[in-house]
Amino acid sequence: MTMEQLLSDTATALAAIRQQDLPQLQQPLDWQSKYRLLMQLGKKLPAIPEKMRQNEWLVRGCESRAWLLHYHDNTVGKHYFVLDSEARIVKGLLAIMLSFVNGLSQQELKQLDLQRAFDALNLKPYLSQSRSNGLNAMLNHIRHCLNE
Amino acid sequence: MSDFNAAAFRQHFPFFAAQPDWIYLDNAATTHKPFAVLETLDHFYRQQNSNVHRGAHKLSQMATILYEEARSCIQQYVNAAEPAEIIFTSGTTAALNQLAFGLMHTVLKPGDRILISALEHHANIVSWQLHCQRFGVILDVIPLDSQLQLDQSAFEQLLTLHPKVVSLTQVSNALGTVLPLASMLQAAKAAGAITVVDGAQGIVWDKPDLQQLAADFYCFSGHKLYGPTGIGVLYGKRALLERLTPLLGGGEMIEQVSFSHSSFNHLPARLEAGTPHIAGALGLAAAIRFISQFDVSQIKSYKRLLLKTFHDGLQHIPGIVVLSPWQDNAGIVTLNLQGEHSADVATLLNEQRIAVRAGRHCAMPLFDLMATAGAVRFAFAPYNQISEVEQCLKALTQAAEILAS
Ligand SMILES: Cc1ncc(COP(=O)(O)O)c(C=O)c1O
């Protein structure tokens, strides 16, 4: 699996998530179905192969381990990411976050109101637990990538 | 069956009425507080508040008397030889750090060895490790056998290296394993070591008799024994406490200070620099008086009943992998669902208002040895009810179903 392949599989998966899963999440669902949906959605993102799960990509500050690869397309000034987590629910939440973030420019990323975006999906509580589930750590890590 | 009345015991804890939706099984992290403790804290700050050992005034003298009474209460509970052997600290972590620091400067020499076990909490690893390199001291670890028990023949072997210090947990916070301390400490003493017990989890399992147990030092935290946070105890035999270099310097711990030299005060003040957590000490004594009303062996058998209920229920949930031993277990069960990450299991339990902890439980080296990324920990206390265990099993079944779908 090459980085190019991962980036393109991620983009395809995120398009499907935006189209199919996010609208579903906005429907009234019992909590069990919500978690099932989150896990299905996480499964759509490609897995980062074991040999690419290096320490330098490890996102610190999560109960479970997560990895983030970053690619900056200089020609168009946009940022692309690939991420994976060993916990499935976390991966679902991270996938949703990535669906808002992937392919934005630095300026757009700075203006993004993730709180609002999660609210709109009735996922506010998950963002507020973000310290433990790693959303927060991932977001800090993404900001860190932008500043490099 | 036990005669322990768990429902009546639970009535002492206002937390459960305040949070009726929750099932609290994170008792190895911290326990709830009975009225007796809360009222003691409140009463002290409202009506007795003054600093200890300082004022010429009557109020300070009263506070000092209460503080020293708290020390005596703890001394009697653990059966220490005298109150001065009870040093108040902020908790187990602070006690172990004082101990490691104090011994490194006096007793330990370059090339000396310290022996700990593979079941230790980070507090009983890192506090030694911090100094090992600088002082040229070597840290050895008693390995686990295939049953995840400490390998006793390896322990005997390691004792032949004549460790100066043997520091062991009484109960594994990650697995609930109760160590065979009595025999291990005797063997360590026979090999000439100073013996240290991390009693953070052990103090709630068994009432220690420190004149019986071959422990030179014993540390514990108040908050795991129904007492306040921020208070704990470093117990030590007087002769050894006197050899410890104080970790903290400041008020009350000295006899004479000039800018070139200070001479230290007597025990226990020598190791209690600064204003102590006075209310905390009183609160801890209140917790000990509270728990003393109940029979330890009855509480133990009630905890075994909770464990048995949990054990039997787990048999009906497919894919459960239990890491904890069922024999000699202090009431902590750590497990995984086959193929699932502990964080996911804990998330789904949290959603059902079951408070547990997931991860590596401040015992990363142990989880490395078990080649496990983490696990979910269910830690039971005597205020937990059989019905809560059943509820928890249902929630776990539900979690397993969601993860399997
Ligand atoms: C075995 C053991 N040792 C030490 C500690 C540290 O206790 P504290 O955080 O109260 O200092 C704990 C607490 O989790 C523990 O379980």
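Each chain gets a letter, A, B and so on, in the order its sequence line appears, and its residues count up from 1. Reckoned from all heavy atoms, side chains included, excluding hydrogens, waters and symmetry mates.
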Would you say CD of Q106(A) has more than 12 non-hydrogen atoms from neighbouring residues, nucleotides or ligands within 6.0 angstrom?
yes
Report the distance from atom CG of L348(B) to atom CH2 of W31(A), rounding to the nearest 0.5 Å.
6.0 Å
Residue-level contacts of residues 388-400 of chain B with chain A, using a heavy-atom cutoff under 4.5 Å
Q398(B)
Decide yes or no for I89(A) and H341(B): does some side-chain heavy atom of the first lie under 4.5 Å from some side-chain heavy atom of the second?
no
Can you tell me which of A373(B), S405(B), A346(B) forms the most heavy-atom pairs within a distance under 4.5 Å of chain A?
S405(B)
Could you tell me if the side chain of Y35(A) sits less than 4.5 Å from the side chain of T347(B), heavy atoms only?
yes
Shortest non-hydrogen contact between M39(A) and I402(B), atoms and distance
CE-O, 3.4 Å
Top residue by heavy-atom pair count (under 4.5 Å) with chain A, among R360(B), E401(B), Q352(B)?
Q352(B)
Distance from R88(A) atom CZ to E340(B) atom CD, nearest 0.5 Å?
4.0 Å
Gap separating the NZ atom of K91(A) from the CG atom of D344(B), nearest 0.5 angstrom
11.5 Å
Over 12 foreign heavy atoms within 6.0 Å of CD, Q147(B)
no
In this structure, are over 12 heavy atoms from other groups packed under 6.0 Å from Q133(B) atom CD?
no
